[in-house]
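Here is the naming used below: chain letters follow the sequence lines, and residue numbers restart at 1 for every chain. The structure displayed is predicted, hence computed values, not measured ones.
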2 protein chains.
Amino acid sequence: MPSLSEENYLKAILFLSGQTQAAVSTNELAARLDAKAASVTEMLRRLSEKKWVEYRPYKGVYLSPAGQDLAAKVLRKHRLWETFLVEKLHFGWEEVHEVAEQLEHISSPKLTDRLSAFLGHPEYDPHGDPIPDPNGVFPKRPKRTLSEVPAGQKVLVQGVRDGDSDFLRYVRQLGIALGDELEVEAVQPFDQSQQVRHGERLLTLSAIAAANIYVL
Amino acid sequence: MPSLSEENYLKAILFLSGQTQAAVSTNELAARLDAKAASVTEMLRRLSEKKWVEYRPYKGVYLSPAGQDLAAKVLRKHRLWETFLVEKLHFGWEEVHEVAEQLEHISSPKLTDRLSAFLGHPEYDPHGDPIPDPNGVFPKRPKRTLSEVPAGQKVLVQGVRDGDSDFLRYVRQLGIALGDELEVEAVQPFDQSQQVRHGERLLTLSAIAAANIYVL
DNA sequence: CTTTATTTTTAGGCTTTCCTAATTTTATTG
DNA sequence: CAATAAAATTAGGAAAGCCTAAAAATAAAG
Ligand SMILES: [Mn+2]
Ligand SMILES: [Mn+2]
Ligand SMILES: [Mn+2]
Ligand SMILES: [Mn+2]
């Protein structure tokens, strides 16, 4: 029922409001969607008329229950398709986002169900992001970044920030994959860069890189 | 580069002009696309400006080489996705067309290539329709309908007319699948209905049904 | 608590894709 | 070939999305 553009707005509001469901501002949305603020205002009025968001001019916007459901369904499709592309078609994890941005708008509940089954009902996508179930419920897992881990501790790589394909290529090049064990051997007081043991090898990660790797 | 709507027009022109590449009329297109003639005229002007068709007002339209290439690519995706849905996700062959109408517009040459490889580079879709190769070349196979087969002859089922899901469901219900052997035992002079042997069983097919089954 | 800066909305336009109604061109036919 | 019918185009308009520029509301500073 929502148009492609409406789906993208709902997804952006879901992303920006995070788990707190905080109100999202017009400019935040404009930045995220690479659109002008005026366009956002206009769309918010439409989404509000359709009861998918609560919108108070000048105050911000958040998703209605119906909007949350729609946004979660789109995100579910996005992440299932990313999983398909990596698992079945052997795409690199840095290549899948753009294609999934298109595939997420395909409207066929049966296709989504069958795809999920075909993939073995995965709970996490190739970047470690949770895939909501058909009812929009996310599998929950506490999220800590590698940069928060003190020296001497061992952790398991659980996810990476998607959205920057340079970073994703870099991580692959390092040889780090989801599920791998890392041990933080030292943290430089100077720049917070980390010496990390990965199997036999010792890697050096900048604080920025470490902040984009999620661990358990 | 072409919009979703433009792709649908190009595909319709390809379909209606057939292998003869005959000029297609405005009304034919309007009927096929379920649009009004005025809308078609407008779009043909745009497609013509973009050099994807040759359009002579009041005379008809046909595809330029560039337009043929684009239309074949869309058709290739449509048929690859139909094959995916049937072979991998176990859809019925009567269920796949609508979903493929959406999927055919996904723009990612890499995805199309990988999908084709994943499916083993099929040459025919679930309805027996030829899948053009990446250069827009169709595998050719002479097409005869079952209704043209005289009594006493044995044939192999090669395809079925897609586009009517009632018919597709009916054929499945009969137990006839692509590749099956049929022997026409008798043709009623009265209504051209056929007595057809399919393995052990003897089926009766109306002339209309027989005209929608392609054989070799 | 004004003044200034920032954020947001409004006003007015543009493109794409459709539509209906009116007009024009082409085809058919007596 | 003139009259009528059918097919196609033109005219004019609507909705969705998006934009720039101007105005209004809110937030931040002095
Ligand atoms: Mn993604
Ligand atoms: Mn992802
Ligand atoms: Mn089809
Ligand atoms: Mn088909």
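Remark: R161(B) fails to qualify as a cation-pi partner of Y214(B) under the 6.0 Å distance and 45° angle criteria applied to the six-membered ring. The cationic group of K88(A) lies under 6.0 Å from the six-membered ring centre of F118(A) and within 45° of the ring axis, placing it in a cation-pi geometry.
A salt bridge is absent between E28(B) and R32(B); no separation between the charged side-chain nitrogens and carboxylate oxygens falls under 4.0 Å. With respect to the salt-bridge test (charged N to carboxylate O, under 4.0 angstrom), the residues D129(B) and K143(B) qualify. Ionic pairing of E98(B) and K110(A) is not present here: no N-O contact between side-chain nitrogen and carboxylate oxygen is shorter than 4.0 angstrom. No salt bridge links E6(A) with K11(A); every basic N to acidic carboxylate O contact stays at or beyond 4.0 Å.
Checked against the 6.0 Å centroid threshold, F84(B) and F84(A) count as a close aromatic pair. Taking the six-membered ring where the residue is Trp, the centroids of H97(B) and H78(B) are separated by under 6.0 Å.
Regarding L4(B), its CG atom lies at a distance of 15 Å from the C1' atom of dG17(D), rounded to whole Å. In this structure, OH of Y58(A) is placed 6 Å from P of dA25(D), rounded to the nearest angstrom. One atom, CZ of R45(A), and another, P of dA16(D), lie 11 Å apart when rounded to the nearest Å. Summarising the geometry, the separation between CD on E42(A) and P on dC18(D) is reported as 9 Å, rounded to the nearest angstrom.
At least one side-chain heavy atom of L80(A) sits less than 4.5 Å from a side-chain heavy atom of P122(A). Counting heavy atoms from C-beta outward, L70(B) and W52(B) have side chains that approach closer than 4.5 Å.
For dA8(D), neither phosphate oxygen OP1 nor OP2 lies less than 4.0 angstrom from any side-chain nitrogen or oxygen of T41(B). R46(A) has a side-chain polar atom (N or O) that falls below the 4.0 Å cut-off from OP1 or OP2 of dG17(D).
Taking a heavy-atom distance under 4.0 Å as the criterion, the stretch of DNA chain C touched by chain B extends 5' to 3' from dT17(C) to dT26(C).
Within residues 20-38 of chain A, the residues that place at least one heavy atom under 4.0 Å from DNA chain C are, in residue-number order, S25(A), T26(A), N27(A), A37(A), A38(A).
Among all heavy-atom pairs drawn from A72(A) and G136(A), the shortest one is CB-CA, 3.7 Å.
With the 3.5 Å cutoff on both pairing distances, Watson-Crick and G-U pairs in DNA chain C assemble into runs of at least 3 at C:1-30 with D:1-30.
Using a 4.0 Å heavy-atom criterion, one finds that S5(A) contacts the sugar-phosphate atoms exclusively.
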